[in-house]
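What follows is a single structure, written as C-alpha cells, with notes after it.
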Amino acid sequence: MKWGRSGMRCGALAWALLLLAAAAHGQMSQASGAQLSAAGRKPSARAEILAVEQARQALQRNGRSAEAWLRLGQALAASGEAQPAREALSTALKLNAKLWGGWQSLGQLAAAAGRWAAAAKDQLRAARCQPGLASARFFAAEALLRLGALPRARGEFHAALQAGRGRIGRFCAGDARPAGCGPAAMFIHVGLGQIASQLGHPAAAAAEFRAALVLGPAYPPALLGLADSDLRRGNPRRAEALFRRALAARPDSVAALAGLAAAMRMTGQAGAAQRTFARVRAQIQARQARLNAEQETDRGMTLWHAGHLGAAAVAFRRATAAAPGYAAAHNDLGSVLALSGDVKHAVRQFALAVRLRRPYPKARSNWGLVLLAQGSAAAAARQFRAALAAAPLDVGARLNLAAALEREGEMGVAEAELRQVIALAPAMGKAHVALGLLLAQRQGGLTREARGEIEMGLRLDPELRRLLPRPMQTKLAASTPKGRQ
C-alpha cells in the first residue's frame with residue numbers, strides 16, 4: 001500500500017492570479033489564471049478533470065506543442081498538483097522559452113512553496129517576454145518584498161500600476177475570504193505602504209494604506225498598516241479604532257491584537273491592555289506549540305523514510321501531544337501504525353485527522369486503504385469517494401476506488417474509474433495492468449483489448465509482471481515475440 005503523507009508544508013499563496021494580462025494581450029491560452037474567474041473563484045471538480053483531460057488529448061495529437069504543455073501545467077497547478085505542474089511547465093518552456101504564461105505559472109508555484117528568489121526571477125522573465133504585463137510586475141514585486149529588496153520591489157509595484165492602469169480587475173489574496181478580495185490596485189498600494197513603513201516614512205505609508213482602503217474598506221493588511229502608522233505618529237486613539245476594525249475582519253490576527261493592546265496602553269487603559277496582552281501571549285504560545293509539532297512531524301517523516309516505523313510513531317505522538325489539533329500529525333501517525341499492523345488505532349487517527357481538517361482527502365484515502373485491507377470494500381469505497389470529492393485528480397484514490405468497486409462486484413463502474421485514471425495519468429503502468437486484468441475477467445479471457453492494456457502497463461513498468469497470476473505470465477510470454485519480452 002502507498003500511504004499519503006502530509007508532505008511539505010508551505011505558506012499559501014499570498015495573492016491569487018491577475019487576469020488583466022490575458023485580457024490586455026489577447027493570450028488567454030497563456031493566462032496564468034486561465035482556470036480562475038476574475039474574482040478568483042475555483043473551478044468545479046469536473047472542470048478540473050476536464051481541463052487536464054483536454055490538455056492531455058492535445059498532447060496526444062501533438063507532443064511538441066508548447067501551448068499544450070502549458071495548458072496541462074496550468075490545469076495541474078489549478079488542481080493542486082504542484083510537482084507534475086512544474087514538470088509540464090518546464091517542458092513547455094524548453095519548447096518555447098518566450099512563453100510568458102509558463103514563466104508566470106512557474107513563478108506562482110515557486111511562491112506557493114516559499115521560494116521567493118525563484119518566484120521573482122520567473123515573474124521577471126515573464127515580464128521580459130511580454131512587456132507591459134502588469135500581473136508579472138506585481139507578483140515579482142511581492143516576491144522581492146519578501147526578500148527584503150525594498151527599492152526593487154517598490155519599482156516593480158509602480159511598474160505594475162503603470163502597466164495595468166485603466167484595466168486592473170479584481171482578484172483575491174490568501175484564503176480568498178471576502179475581506180481579502182478587491183481591486184488589484186488595492187494590493188499594490190498595500191505593498192507600497194509596507195515598503196514606506198519599513199524605510200521609516202510613516203506619512204508616506206499612511207497615504208498608501210488610505211489609497212488601499214478607498215478601494216477595499218475592510219482589507220485587514222491596509223487597516224493594520226494605517227493603524228501602525230497612526231501609532232508611530234502619536235495618534236493611539238485612531239489607531240485603536242483601526243485595530244478593532246482589522247480584528248473584526250480577521251479575528252485570528254495576532255498583529256491586530258498586539259497593536260490594539262499597545263494602543264490601549266498608550267491611551268491609559270492599563271487593565272484592558274494587560275488582558276489583551278495576555279490574549280496575545282496565549283496565541284503566540286499556541287503558534288509555538290504548532291511549530292514544535294511541525295518539527296516533530298518532520299523528524300517523524302525522516303525516520304519513516306529510513307524505515308524506522310516505531311521511532312517515527314513516537315515522533316508523531318509527540319507532535320499530536322504538542323498540538324492536538326494538528327491534523328497532519330494524526331494522519332502520519334495513522335499511516336505508520338497501519339504499516340506496523342496496529343489497524344485499530346490507525347483508523348482512529350485517520351478519523352480524527354478528518355474531523356480536525358475536513359475534508360482532508362489524504363486521510364480519507366488512507367482510511368479507505370485500511371478498510372480495503374480488512375475486507376470492508378463498501379466502506380473503503382465511501383472513503384475513496386469522499387477523498388475524490390475534495391481532490392478529483394488524485395489518481396491513487398481513484399485507482400483504489402476501482403479496486404474496492406471490483407471487490408463489490410461493480411465491474412462496469414470499476415472499469416469506468418480505471419479508464420478515468422488512464423485519461424488523467426496515461427503513463428501509470430499499474431492502471432493499465434489493472435484495467436487489463438479487469439477486462440480479462442469481464443470478457444472471459446485474455447482478449448485482445450485486455451492483452452493490449454496489460455502489455456502497455458508492463459512496457460511502462462516491467463516490475464508489475466511479478467504481480468500477475470503465474471498462468472497469465474506464462475500465457476503472455478508464450479504469445480509475445482521474443483524481441484518484445
**Study point:** E406 and R442: CA distance, side-chain angles, deciding distance, side-chain contact (heavy atoms from CB on, under 4.5 Å) verdict
**Key:** CA-CA 11 Å; E406 182 181 358; R442 294 194 73 194; over 6 Å; no

Exercise for review: Show your reasoning for whether side-chain contact (heavy atoms from CB on, under 4.5 Å) applies to L468 and I454.
Suggested key: CA-CA 9 Å; L468 296 175; I454 293 173; 4.1 Å; yes

Check your understanding: Could you go step by step and tell me if E453 and L418 meet the side-chain contact (heavy atoms from CB on, under 4.5 Å) rule?
Key -> CA-CA 11 Å; E453 291 294 342; L418 287 171; over 6 Å; no

Practice item. Report the C-alpha separation of L106 and L93 in whole Å, then their side-chain angles, then the decisive distance to 0.1 Å, and conclude whether the side-chain contact (heavy atoms from CB on, under 4.5 Å) test is met. Key: CA-CA 10 Å; L106 275 181; L93 290 168; 3.4 Å; yes

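Between R398 and L424 the shortest side-chain heavy-atom distance falls below 4.5 Å. When side chains are defined from C-beta on, V347 counts as touching W367, because their heavy atoms get closer than 4.5 Å. Taking the side chain as every heavy atom from C-beta outward, Q198 and L145 approach each other to under 4.5 Å. Between L161 and H189 the shortest side-chain heavy-atom distance falls below 4.5 Å. The closest side-chain heavy-atom distance from P221 to F209 is not below 4.5 Å. For the pair H158 and L192, the minimum side-chain heavy-atom distance is below 4.5 Å. N292 is not listed as a side-chain neighbour of E296, based on a closest heavy-atom distance of 4.5 Å or more. The shortest distance between side-chain heavy atoms of L303 and R299 falls below 4.5 Å.
With R407 contributing its side chain and L372 its backbone, the two residues share a donor-acceptor pair below 3.5 Å. Without hydrogens or angle criteria, S253 side chain to A256 main chain gives a donor-acceptor distance under 3.5 Å. Looking only at distances, no side-chain donor or acceptor of H330 sits under 3.5 Å from a matching main-chain atom of G325. Put simply, the side chain of S340 gets close to the backbone of V336: a donor and an acceptor are under 3.5 Å apart. S197 contributes no side-chain N or O that, together with a main-chain N or O of G193, makes up a donor-acceptor pair within less than 3.5 Å. Judged by distance alone, with hydrogens and angles left aside, the side-chain atoms of W103 form a donor-acceptor pair with the main-chain N or O of A97 at under 3.5 Å.
Heavy atoms only, all atoms of each residue included: A322 and A289 are closest at O-CB, 3.4 Å. Nearest heavy atom pair, residue A77 against residue L109, reads CB-CD2, 4.1 Å. Closest heavy-atom contact between A92 and L99: CB-CD2, 4.1 Å. Of all non-hydrogen atoms in R56 and A423, the two that sit nearest each other are CD-O, 3.2 Å. The two residues A119 and A111 come nearest to each other via the heavy atoms CB-N, 3.8 Å. Considering every non-hydrogen atom in both R154 and L199, the closest pair reads NH1-CD1, 3.5 Å.
Taken from OG1 in T297 to CH2 in W304, the straight-line distance is 11.0 Å, to the nearest 0.5 Å. Expressed to the nearest 0.5 Å, how far CG of L446 lies from CZ of R448 amounts to 12.5 Å. With values rounded to the nearest 0.5 angstrom, F316 atom CZ is found 8.0 Å from S335 atom OG. The line from CG of L467 to CE of M472 is 12.5 Å long, rounded to the nearest 0.5 Å. Note that CZ of F384 is 8.0 Å distant from CG of L371, once rounded to the nearest 0.5 Å. Once rounded to the nearest 0.5 Å, the distance linking CD of Q108 with CZ of F139 reads 5.0 Å.
By the 4.0 Å N-to-carboxylate-O rule, E449 lies close enough to R419 to be salt-bridged with it. With salt bridges taken as basic N to acidic carboxylate O contacts below 4.0 Å, none links E156 and R152.
Of the options L89, T91, N62, a side chain to side chain contact (heavy atoms under 4.5 Å, CB included) to W69 is made by T91 and by none of the others. Residue K430 is tested with D461, L460, V395, L399 for a side chain to side chain contact (heavy atoms under 4.5 Å, CB included); the sole match is L399.
The closest side-chain donor-acceptor pair between E87 and Q83 falls under 3.5 angstrom.
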